[in-house]
Amino acid sequence: MPGFEIFGSEERKEVEDVLDTGVLFRYGFDQARKGHWKAKTFETELAERIGAGYAYLCSSGTAALSVALASCGVGAGDEVIVPPFTFIATIEAVLNAGAVPVFGEIDETLCLDPEAIEEVITPRTKAVLPVHMCGAMARIDEIKALCDKKGLILIEDACQALGAAFNGKALGTFGQMGCFSFDSVKTITCGEGGAIVTDDKALYVNADAYADHGHDHIGNDRGLEDHPILGNNFRISELNAAVGLAQLRKLDTILEKQRAHKRAIKAALARIPDITFRKIPDEKGDSATFLSFFLPDESKARNVVEEFGKAGIDACFYWYDNNWHYIRKWDHLKTLRSPARLPLHLLENWPDYQQVKLPRSDEIVSGAGFSVSRIAGMQVELPRSDEIISRTISMLIKLSWTEEELEQRIDKIVSVVG
Ligand SMILES: *Cc1c(COP(=O)(O)O)cnc(C)c1O
């Protein structure tokens, strides 16, 4: 996930264009900006690169998720099916929309399992929000088919998967809307930024207006625009967009290098009998930001993590103990701890997480609408996800590794686990 590793003269040049005019804003100042429209150009090139009808840039990946949920009309009281392995931003966006995150189990793709989605659908389910974690895909064709069959909105969190594809079709383009992030650790970075993509013109129009206080952006003069709907401010600045534009133009080089590095490390790990690899439904479409693999059980995984640490093999993640990405350590979510009075508390059917007794899984009622016991159960009872994540290790694939560093790394890995 290396955008920050390759900041160079191309990024500087795009930023200088903006600094030369002093127009740091994406809207208006049509004369003063001397033809530089970095956000607009980024949008055009992004839509083209991933084969989407429309792209809208915004201030972050979290903003993209919020804009997508709003644009698709997902909000107060709606249930949204999410995975327990993601960045908390996915969950926050649902909560901040006033909707209810409902967790489905993951499978060995490390993403939402389509069959598990079906298990938690209720009459209140409005949308499914799969997350293409660590650069590769969920079983997105099956998830899409399920959403179509059940009439559910599909929004993809592809924040970590720019440039990845399933059978040649870019991740982020399967559902009604797809979301990307360009924050500090993503495949490309623009400091802070995000994007929504869609093929649906009406949804694009919603997003374009919602992210800028409902302005319709019709005509050249910002002052004369109409603002037919209520919205928010999730605008990106022209400076950030300028950096992102230069980075997007490097995407193919980034992917090529990551894939080569990943192949080399994977070949070394593949010689070790205890190790199996994350299931990737289309290996060719993997953006190769991470290499994720399984040990037979938790204790073996913990062992390997420890040995890697001792050997100085950095950039390895054991998500089961990680409080950024896996529900087990999300105490803030379990207690809904926030200074904000989340709209959920205004819903009569919102259970107080601290009051509810945690049921055993055999007490969990499904298909009973918004069931307190099911919601209470979901915070802790994800046995299949736990089983998978407890034996998963992921290794970040860096762009900046030299051939020599790569070889040394491989030698170290083999010496530890071999
Ligand atoms: C990074 C990330 C986000 C949020 O992106 P920001 O730009 O940091 O707001 C959302 N979902 C996932 C899976 C992410 O990795």
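For clarity, every value in this text was computed on a predicted model and none was experimentally measured. Numbering of ligands and ligand atoms starts at 1, following listing order.
A salt bridge is absent between Glu16 and Arg12; no separation between the charged side-chain nitrogens and carboxylate oxygens falls under 4.0 Å. A salt bridge links Glu11 and Lys250; the closest N-O separation between the charged side-chain nitrogens and carboxylate oxygens is under 4.0 Å. Residues Asp212 and Arg26 are not paired through a salt bridge, judged by the lack of any N-O separation under 4.0 Å between the basic side chain and the carboxylate.
A ring-centre distance under 6.0 Å is not found for Phe308 and Tyr318.
Among residues two or more places apart in sequence or in another chain, the side chain to side chain donor-acceptor pair (under 3.5 Å) test is passed with Arg139 by Asp107, Asp113, Glu115, Glu142. Residues passing the side chain to side chain donor-acceptor pair (under 3.5 Å) test with Glu14, sequence neighbours excluded: Lys38, Arg249.
Atom numbering of ligand 1 starts at 1 in the shown order; those under 4.0 Å from a heavy atom of Thr86 are 13 (C). Against a heavy-atom cut-off of under 4.0 Å, Ser60 is close to the following atoms of ligand 1: 7 (O), 9 (O). Ligand-side atoms of ligand 1 in range of Ala89: 3 (C), 4 (C), 10 (C), range being under 4.0 angstrom from any heavy atom. For ligand 1 and Val131, the ligand atoms under 4.0 Å from any heavy atom of the residue are 13 (C). For ligand 1 and Cys159, the ligand atoms under 4.0 Å from any heavy atom of the residue are 2 (C), 3 (C), 10 (C), 11 (N), 12 (C), 14 (C). Close approach of ligand 1 to Thr90 is summarised as follows: ligand atoms under 4.0 Å from at least one heavy atom of the residue are 11 (N).
Any N or O atom pair closer than 3.5 Å counts here, and Gly61 shares at least one such pair with ligand 1. At least one N/O-N/O distance between Asp183 and ligand 1 falls below 3.5 Å. For ligand 1, the polar-atom distance check finds no N/O of Glu192 at less than 3.5 Å from any of the ligand's N/O atoms.
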For this session: Tell me, with the steps shown, if Lys398 and Glu405 meet salt bridge (Lys or Arg N to Asp or Glu O under 4.0 Å).
Result: CA-CA 11 Å; Lys398 285 195 186 165; Glu405 283 169 333; over 6 Å; no
